[in-house]
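Here the structure is a predicted model, which means the values were calculated and not measured. In what follows, chains carry the letters A, B, and so on, assigned in the order in which the sequence lines appear, proteins first and then strands, with residues in each chain numbered from 1.
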Protein chains: 2
Amino acid sequence: MHLKRIIGIDPGSRLMGIGVIDSDGRYNKHIYSDTLRLDGSNPIPERLGIIFTEVKRIIEQYSPDEFAIENVFMAKNAASALKLGQARGAAICAAVTSKLDVFEYSPKEIKQSVVGKGAADKQQVQHMVKVLLNLQGRLQADAADAMAVALCHAHAGALKARLQGK
Amino acid sequence: MHLKRIIGIDPGSRLMGIGVIDSDGRYNKHIYSDTLRLDGSNPIPERLGIIFTEVKRIIEQYSPDEFAIENVFMAKNAASALKLGQARGAAICAAVTSKLDVFEYSPKEIKQSVVGKGAADKQQVQHMVKVLLNLQGRLQADAADAMAVALCHAHAGALKARLQGK
């Protein structure tokens, strides 16, 4: 299986994790990661514009082959779900207008894939992301989650390829 | 007060109302209206891409001065709020990437502005949109709501201009 470049997104209306990795499903390499910090005192439309523009900029800079994003079904309440949905919508628009296929994974699928346990805590996810990508030092939680999404997609793709006998 | 072109949006993940009007706050003219119908069996990312592209196309075609969208705080549940938020985020991204200022109005503000009563029903809104824009025949509900958003913004702008003594 050849090396694929994957951009992973952990969506949020205040903090958005973005990670880019290269992977063949077994071997994984960290290419880029960052946390987009959105000033909560700025109007929502301005923040959505920043998300769209920044995700698009990173897509143009790193030319990923595929786009993976965490699929959140649960939220504290309808108001926070609406905010999260808007942020997610902005990131997905950046992907589809760049002609990238979008793949979605639930938090449980991501944890299962990266830690081997659907109910893993944040520390375990951060630890395994560091191990899988051979990273040193501290890792910001949202950036780690974004790389976990990308790794989950890489593993899912590898599994699919194996099942299909490729 | 000079004539302003306003695009109004009634957001939804299945049906999205879009309306364009010219207004000086008293005189209002219908320019364009339609309902974007999104196939619910299509994947969400594809639908968000269609919303973004279509809203952007209408902005480019009609060159509105300002963008107004209904602000929904309530939803049946977190899952539907998330879907609605994504659709809203896609439409707002189309506006901000076109350098349009985005204005938001609650359903209550819109009804109050168009019908004179915050608790008006859909039929009253449709009736008053037809009266205010001098439209004949049947009006699709979501397109009517979108024009109501645009009219609400036109009235709010006129009020603000009057208050400021312009």
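Taking CG of A:L82 as the start and CZ of B:R88 as the end, the distance is 6.5 Å to the nearest 0.5 Å. To the nearest 0.5 Å, atoms CD (A:E104) and CD1 (B:I44) are separated by 7.0 Å.
Residue B:V129 is grouped with residue B:L132 when hydrophobic side chains (ILVMFWY) are merged at heavy-atom distances under 4.5 angstrom, including chains of intermediate members. A:I21 is connected to A:L139 through a chain of hydrophobic side-chain contacts under 4.5 Å among Ile, Leu, Val, Met, Phe, Trp and Tyr, so both are in one cluster. Hydrophobic clustering, with ILVMFWY side chains joined whenever heavy atoms are under 4.5 angstrom apart, groups B:I18 together with B:I59. When the side chains of ILVMFWY residues are joined at heavy-atom separations under 4.5 Å, either directly or via intervening members, A:M16 and A:L151 end up in two distinct hydrophobic clusters. The cluster map of Ile, Leu, Val, Met, Phe, Trp and Tyr, joined by side-chain heavy atoms under 4.5 Å apart, puts B:I31 and B:Y27 in different clusters.
Among the candidates B:V102, B:L100, B:D101, the single residue satisfying the side chain to side chain contact (heavy atoms under 4.5 Å, CB included) test with A:P45 is B:V102.
Shortest non-hydrogen contact noted between B:A81 and A:A78 is CB-O, 3.4 Å. The two residues B:C93 and A:A90 make their nearest non-hydrogen contact at SG-CB, 3.4 Å.
Side-chain contact between B:F52 and A:V96 is absent, with no heavy atoms from C-beta onward closer than 4.5 Å.
Heavy-atom contacts from other residues, nucleotides or ligands closer than 6.0 Å to CZ of B:R57 number more than 12.
Only the side chain of B:I92 comes within less than 4.5 Å of a heavy atom of chain A; its backbone N, CA, C and O stay farther away.
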